[in-house]
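Only one structure is covered here, and it is reproduced in the block below.
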Amino acid sequence: MSDTPATAATATPFSIATWNVNSLKVRLPHLLEWLAEASPTLVCLQETKLEDHAFPTAEIKAAGYQVAFSGQKTYNGVAIVSRLPLTDVVMGNPRFDDPQKRLISATVAGPDGDVRVVGAYFPNGQEVGSDKYAYKLQWLAALHDWLAGELAAHPRLALCGDYNIAPADEDVHDPAAWAGQILCSEPERQAFRDLVGLGLVDAYRLFPQAERSFSWWDYRNLGFQKNLGLRIDHVLLSAPLAERCTAARIERHLRKKERPSDHAPVIATLS
DNA sequence: ATGCCTTCGCCTCGAAGA
């Protein structure tokens, strides 16, 4: 027997997820299905590719979730959907003037106090040495600088999103082929380590995981069927949240659905 | 292999993604 109140004992655990949906217009049915099935407390979405007036607020609210979003036509676009109220919503990085909608932050009530959630769609970079790669590194440096202050202000913080960085060779299906390439280059991996150095922990690596675990697979060449993937979507937790993290997994089965996103959601559970 | 798949916007092909 436990003296825990029944309401707490039966409550769904607090969980934080991230998913690059590659067009929320196309993937809304998948999202609604997954919200009903996995019941995450909160999900950060990337690549919504929707202007704010077109965001499917009513459909997501009908599923029992609140929304905050920052989008644009064709590219980028981020959102947070949450079963709990979202407060202090902030768009973008105040230290980095950027027309690309890649960042959204909000506060939710967590199991042991407020949690600050930062949802991020990191730049892809296209090719090492390109203008887009230079932008990616500048964006990463600005994120690091801003996040140091955010962590000081909000010690209970989660940085969730499509990082477009495979942090280590074990996160790459063919490390030799990808060595030095975009998503795997040393400056990108160093930027990832610099974020970790602020006091963040990769929730997925807190637990034993299957080898060759990935969150993205190329649409081409039967990438998913052959498991030719990369682990580039991450939930990073500050120490007080990492201490309470009890599980982390990749929702690989969503990649098997009809007309899937090329990314699968990543979800971390907190006690 | 400058390829493959998917999305969007433009206008049925190019750009971008990763």
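Given the structure is predicted, the values throughout are model-derived calculations rather than measurements. Worth knowing before you read on, the calculation uses all heavy atoms, side chains too, and leaves out hydrogens, waters and symmetry mates. Throughout, a chain's letter reflects where its sequence line sits, starting with A, and its residues are numbered from 1.
Within the 4.0 Å cut-off from OP1 or OP2 of B:dT7, at least one side-chain nitrogen or oxygen of A:Arg259 is found. A close approach under 4.0 Å does occur between a side-chain nitrogen or oxygen of A:Tyr121 and OP1 or OP2 of B:dA18. Between A:Lys132 and B:dG17 there is a side-chain N or O to OP1 or OP2 distance below 4.0 Å. Distances shorter than 4.0 Å separate none of the side-chain N or O atoms of A:Asn22 from OP1 or OP2 on B:dA16. Contact annotation: A:Thr74 reaches the phosphate of B:dG9 (side-chain N/O to OP1 or OP2, under 4.0 Å). Remark: A:Asn164 is in phosphate contact with B:dA18, judged by side-chain N or O atoms under 4.0 Å from OP1 or OP2. Within the structure, every side-chain polar atom (N or O) of A:Gln181 is placed at least 4.0 Å from both OP1 and OP2 of B:dA18. Regarding contacts with the backbone of B:dG17, every side-chain N or O of A:His263 stays at 4.0 angstrom or more from both OP1 and OP2. OP1 or OP2 of B:dA18 sits under 4.0 Å from a side-chain N or O of A:Asn124.
With contacts defined as side-chain heavy-atom distances shorter than 4.5 Å, the pair A:Leu31/A:Leu35 qualifies.
Across all strands shown, A:Lys136 has no heavy atoms under 4.0 Å from either base or sugar-phosphate atoms. Residue A:Ile232 is classed as a sugar-phosphate contact, given heavy-atom separations below 4.0 Å to backbone atoms only. A:Asp233 comes within contact range of no nucleotide atom at all, as no heavy-atom separation falls under 4.0 Å. Note on A:Leu183: only backbone sugar-phosphate atoms sit closer than 4.0 angstrom, heavy atoms only; bases stay farther off. Across all strands shown, A:Asp218 has no heavy atoms under 4.0 Å from either base or sugar-phosphate atoms.
If you measure from atom CD of A:Glu47 to atom C1' of B:dA16, you get 9 Å, rounded to the nearest angstrom. Taking atom CD1 of residue A:Ile182 and atom C1' of nucleotide B:dG17, one finds them 11 Å apart after rounding to whole Å. The CD atom of A:Gln225 sits 11 Å away from the C1' atom of B:dC5 (whole-angstrom rounding). Note: CG (A:Asp162) to P (B:dA16) measures 18 Å, nearest angstrom. The nearest whole Å value for the distance from the CG atom in A:Asp131 to the P atom in B:dA16 is 11 Å. Note: CZ (A:Arg255) to P (B:dA18) measures 13 Å, nearest angstrom. If you measure from atom OH of A:Tyr219 to atom P of B:dT6, you get 7 Å, rounded to the nearest angstrom. Atoms CH2 (A:Trp216) and P (B:dT7) sit 15 Å apart, rounded to a whole Å.
On the P atoms, B:dC11 is 28 Å away from B:dT2, given to the nearest whole Å. Comparing B:dG14 with B:dC10, their C1' atoms sit 10 Å apart, to the nearest whole Å. Rounded to whole Å, the C1' atom of B:dT7 lies 15 Å from the corresponding atom of B:dT12. Straight-line distance between the P atoms of B:dA1 and B:dA16: roughly 25 Å, to the nearest whole Å.
Note on A:Arg205 versus A:Asp171: salt bridge recorded, some NZ/NE/NH1/NH2 to OD/OE distance being below 4.0 Å. Between A:Arg102 and A:Asp162, no side-chain nitrogen of the basic residue sits less than 4.0 Å from a carboxylate oxygen of the acidic one, so the salt-bridge criterion is not met. We find that A:Arg231 and A:Asp202 are joined by a salt bridge, their nearest charged nitrogen and carboxylate oxygen being less than 4.0 Å apart.
Map A:Pro260 and A:Asn20 each onto its nearest nucleotide of DNA chain B; the residue landing nearer the 5' end is A:Pro260. Map A:Arg220 and A:Asn76 each onto its nearest nucleotide of DNA chain B; the residue landing nearer the 5' end is A:Arg220.
A donor-acceptor pair shorter than 3.5 Å cannot be found between the side chains of A:Ser23 and A:Glu47.
Between A:Trp146 and A:Phe96, a ring centre-to-centre spacing not shorter than 6.0 Å is recorded.
Within a 6.0 Å sphere centred on NZ of A:Lys49, other residues, nucleotides and ligands contribute more than 12 heavy atoms.
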